[in-house]
Amino acid sequence: MKNFTKGPILPQMLLFSLPLVFTNLLQVLFNLCDVAVVGRFAGSNALGSVGSSVILVQLFLAFIIGMSGSINVLTALHIGAKNKKELSETVHTSIIISFVEGVIILLIGVFFSPIILRLLGTKNELIEGAIIYARICSIGMPALGIYNWGNAILSAAGNTKKPLYFLSISGVINIILNLFFVIICHLSVAGVALASVISQYALAVMIIVTMLKEKQDFRLELKKIRITKSKVPTITKLGILSGFQSAVFHFANLFVQAGVNSFDAILVSGNSAATNADSIIFESMAAFNTAGATFIGQNYGARDKKRMRTSYLTSLFLSMGLGLLLGSLLLVFDREFLSLFSSEPAVIDAGLKRLNIMALCYFLSALMDCTIAASRAIHKTGVPTFIVIMGSCVFRVLWVKTVFAFIGTIPSLYLLYPFSFIITGVAEIAYFVYCYKKLYFKSESIINSHKSSFDMNGKPYFKEHLT
């Protein structure tokens, strides 16, 4: 396990984050193989079907990622506090919660995907493929729950290399099966979805085997897998709110997708190709958000307020810098990027309408995402969730219903993103600064008067709790 409560933060965060950047990027690139293969070998309608349902799949995945975020910060907290008992209970309770969450999402996806996709106004020529893709992808949600559980724990302990190895293996499996199912078996949309599910279960197996073989205090022991009642409220509260935060973005994007669906199938396909850039850049930036939460979480457990602040500012600077760099590269190689997903000039031209706007504002999302992760690390999720709902959901829906409805052009639809990034980001920063200033750790003499420096929910005692 790596200790982030001592030493220079910037070099430590870079060494921690770079494998995580490649892990997230690799995961996205392998997912993009689904889109590239289906777009190249199954036609624009198949591409549009995947694009119409991928937002729904991302919505499901957001809840799983949110739960893993809570597991990450709680694990980091107990590592920083050197509390082995709390750490072990968190690990063995959270694996059950993660798996059950995945099963629930699987059932929702299988039974309610057709209803949701029809409510979004999915084109008639795309609806059948979209339903097939969403239903099959839902089958992989329990596996993704287990993988993200293990990834969250390993990341909290400073190990970001093993997930990279696992994704490399899983990605190769995914690519081979993509080509086999689509080109040889002619399964089109169903083929790429099936390839993803198989590779996801391979990931889950690898992460479980690794956790069972682990020698550190966060290792998985089959005989210890049980629900510890005192851990459930903390894990589920943080996890549900964190998942809801992530899901809100995708829920709002469902309304954006409904706006896109009001145009012709060519523009829908072009939008599907261009949104692949979102995944690449957002997930790459997310590595620094995760790093910030891990560093803040460990120093929260170690009661070092100054390092918490430095960790936040460092992660924010790195995340914004990466977003600016990748967005600039996207502007330079825009047509080359879109040609990876379609060879049709009309589809590429349609994709440029989104790409040229989004490339200039990706870096702004760090104001929001990095600060939300930092608030989660100090167990503040209620108000950040409300801010996200208002700034990134209500605002976007209102924009679609007013500005876009009045102007009616595709650029007027995409411009809602930079405005929502700024509004939500400024509000999240203001709240985090407010909470940070209120944190006042007890003196060591007061802390030592307790049997533990943490309460039953794993939160450090503060002076504000003395009443």
Participant: What closest approach, in Å, do Pro142 and Phe99 show between heavy atoms, and which atom pair accounts for it?
Facilitator: CB-CE1, 3.9 Å
Participant: Is it true that the side chains of Ser412 and Thr409 contain a donor and an acceptor less than 3.5 Å apart?
Facilitator: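 Per modelled atom types, Ser412 and Thr409 side chains form a pair under 3.5 Å.
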Participant: Would you say the side-chain atoms of Asp369 and Ser319 include a donor-acceptor pair closer than 3.5 Å?
Facilitator: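 Absent: no donor and acceptor within the cut-off.
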Participant: Would you check if Val57 and Tyr133 make a side-chain contact, meaning some heavy-atom pair closer than 4.5 Å?
Facilitator: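 Yes - at least one pair of side-chain heavy atoms lies under 4.5 Å apart.
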Participant: What do the steps show when you test Ser196 against Ser199 for side-chain hydrogen bond (donor to acceptor under 3.5 Å, both in side chains), and what is the final call?
Facilitator: CA-CA 5 Å; Ser196 295; Ser199 63; 5.3 Å; no
Participant: Decide yes or no for Asn289 and Ser315: does some side-chain heavy atom of the first lie under 4.5 Å from some side-chain heavy atom of the second?
Facilitator: no
Participant: Under 3.5 Å, side chain of Ser17 to main-chain N/O of Leu14, donor-acceptor pair present?
Facilitator: no
Participant: Side-chain contact, heavy-atom cut-off 4.5 Å: Phe421 with Leu367?
Facilitator: no
Participant: Considering the options Leu318, Leu316, Ile429, which one meets the side-chain contact (heavy atoms from CB on, under 4.5 Å) requirement together with Cys370?
Facilitator: Leu316
Participant: Rounded to the nearest 0.5 Å, how far does CG of Leu413 lie from CG of Asn271?
Facilitator: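 Interatomic distance, Asn271 CG to Leu413 CG, rounded to 0.5 Å: 8.0 Å.
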Participant: On a heavy-atom basis, which atom in Leu117 and which in Ser53 lie closest, and how many Å separate them?
Facilitator: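 The pair with the smallest heavy-atom distance is CD2-CA, 4.0 Å.
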Participant: Taking it one step at a time, do Phe404 and Trp399 satisfy ring-ring contact (aromatic ring centres under 6.0 Å, His included)?
Facilitator: CA-CA 6 Å; Phe404 171 66; Trp399 183 286; 9.8 Å; no
Participant: So Tyr312 and Thr371, side-chain hydrogen bond (donor to acceptor under 3.5 Å, both in side chains) or not? Walk me through it.
Facilitator: CA-CA 8 Å; Tyr312 165 67; Thr371 311; 2.9 Å; yes
Participant: Under 4.5 Å between any side-chain heavy atoms of Ile146 and Val205, yes or no?
Facilitator: no
Participant: Please check if the side chain of Thr122 supplies one atom and the backbone of Arg118 the other of a donor-acceptor pair under 3.5 Å.
Facilitator: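 Side chain of Thr122 to backbone of Arg118, a donor-acceptor pair under 3.5 Å: no, none is there.
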Participant: What heavy-atom pair brings Ala156 and Ile79 nearest, and what distance separates the two atoms?
Facilitator: O-CD1, 3.7 Å
Participant: Side chains of Arg396 and Ser420: do they bring a donor and an acceptor to under 3.5 Å?
Facilitator: yes
Participant: Does a donor on one side chain sit under 3.5 Å from an acceptor on the other, for Asp278 and Tyr417?
Facilitator: no
Participant: Determine the minimum heavy-atom distance between Ala152 and Asn72, stating which atoms define it.
Facilitator: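 Closest pair (atom of Ala152, atom of Asn72, distance): O-ND2, 3.1 Å.
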Participant: Only counting residues at least two apart or in another chain, list the ones meeting side chain to side chain donor-acceptor pair (under 3.5 Å) with Ser70.
Facilitator: none
Participant: In Å, rounded to the nearest 0.5 Å, how long is the span from CD1 of Ile64 to CD of Glu101?
Facilitator: 5.5 Å
Participant: With rounding to the nearest 0.5 angstrom, report the CD to CG distance, Gln200 to Leu61.
Facilitator: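 CG of Leu61 is found 8.5 Å from CD of Gln200.
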Participant: Pair Asn299, Ser311 - check side chain to side chain contact (heavy atoms under 4.5 Å, CB included), show working.
Facilitator: CA-CA 9 Å; Asn299 286 287; Ser311 296; 4.1 Å; yes
Participant: Would you please test Phe395 and Phe419 for ring-ring contact (aromatic ring centres under 6.0 Å, His included) and show each step?
Facilitator: CA-CA 9 Å; Phe395 174 81; Phe419 284 100; 7.1 Å; no
Participant: What is the distance from atom CE of Met285 to atom CD1 of Ile280, rounded to the nearest 0.5 Å?
Facilitator: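 Spacing of CE (Met285) from CD1 (Ile280) equals 14.0 Å.
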Participant: Test side chain to side chain contact (heavy atoms under 4.5 Å, CB included) on Trp149 and Leu220; report intermediate values, then the result.
Facilitator: CA-CA 11 Å; Trp149 160 82; Leu220 177 66; 3.9 Å; yes
Participant: Any non-hydrogen side-chain atom of Leu203 less than 4.5 Å from a side-chain atom of Met206?
Facilitator: yes
Participant: Do the side chains of Ile108 and Ser138 get nearer than 4.5 Å, heavy atoms only?
Facilitator: no
Participant: Let me see the working for Thr294 and Ser155 under side-chain hydrogen bond (donor to acceptor under 3.5 Å, both in side chains), right down to the final yes or no.
Facilitator: CA-CA 8 Å; Thr294 300; Ser155 297; over 6 Å; no
Participant: Please round to the nearest 0.5 Å and tell me the distance separating atom CG of Asp334 and atom CG of Leu329.
Facilitator: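 Rounded to the nearest 0.5 Å, the CG-CG separation comes out at 11.5 Å.
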Participant: Dump the intermediate steps for side chain to side chain contact (heavy atoms under 4.5 Å, CB included) on Thr275 and Met358, then the final yes or no.
Facilitator: CA-CA 9 Å; Thr275 52; Met358 293 300 298; over 6 Å; no
Participant: Just so I know, are the side chains of Met308 and Phe295 near enough to count as touching, which here means a heavy-atom distance under 4.5 Å?
Facilitator: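 Not in contact.
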Participant: Donor-acceptor pair, distance only, cut-off 3.5 Å: does the side chain of Asn148 make one with the backbone of Leu144?
Facilitator: yes
Participant: List the steps and the verdict of ring-ring contact (aromatic ring centres under 6.0 Å, His included) for Phe16 and Phe4.
Facilitator: CA-CA 10 Å; Phe16 172 87; Phe4 299 129; 5.4 Å; yes
Participant: Locate the shortest heavy-atom distance separating Arg135 from Gly109; write the atom from each residue and the value.
Facilitator: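 In terms of heavy atoms, the two residues are closest at CG-O, 4.0 Å.
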Participant: Run through Val260, Val347, Asp349 and flag the one making a side-chain contact (heavy atoms from CB on, under 4.5 Å) with Leu267.
Facilitator: Val260
Participant: For Phe317, does the CZ atom sit with more than 12 other heavy atoms under 6.0 Å from it, leaving out its own atoms?
Facilitator: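 Not buried by this count: 12 neighbours or fewer within 6.0 Å.
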Participant: Under the rule for side chain to side chain donor-acceptor pair (under 3.5 Å), what residues qualify as partners of Ser375, not counting sequence neighbours?
Facilitator: none
Participant: Test ring-ring contact (aromatic ring centres under 6.0 Å, His included) on Tyr300 and His379 and set out the steps.
Facilitator: CA-CA 10 Å; Tyr300 186 50; His379 298 189; 5.6 Å; yes
Participant: Does the pair Ile422 and Met368 meet the rule for a side chain to side chain contact (heavy atoms under 4.5 Å, CB included), with working shown?
Facilitator: CA-CA 8 Å; Ile422 294 172; Met368 173 178 64; over 6 Å; no
Participant: What's the separation between atom CD in Glu214 and atom CD1 in Ile153, rounded to the nearest 0.5 Å?
Facilitator: 10.0 Å
Participant: Within the distance-only criterion (no hydrogens, no angle test), does the side chain of Ser339 pair as donor or acceptor with the backbone N or O of Glu336 below 3.5 angstrom?
Facilitator: yes
Participant: So, for Ile207 and Asn151, which heavy atoms are closest and what is the spacing to 0.1 Å?
Facilitator: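 Minimum heavy-atom separation between Ile207 and Asn151: CD1-N, 4.1 Å.
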Participant: If you define the side chain from C-beta out and look only at heavy atoms, does anything of Phe363 sit under 4.5 Å from Leu325?
Facilitator: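 Phe363 does not reach Leu325 side chain to side chain.
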Participant: Check whether the side chains of Thr90 and Thr75 place a donor and an acceptor atom closer than 3.5 Å, and report yes or no.
Facilitator: no
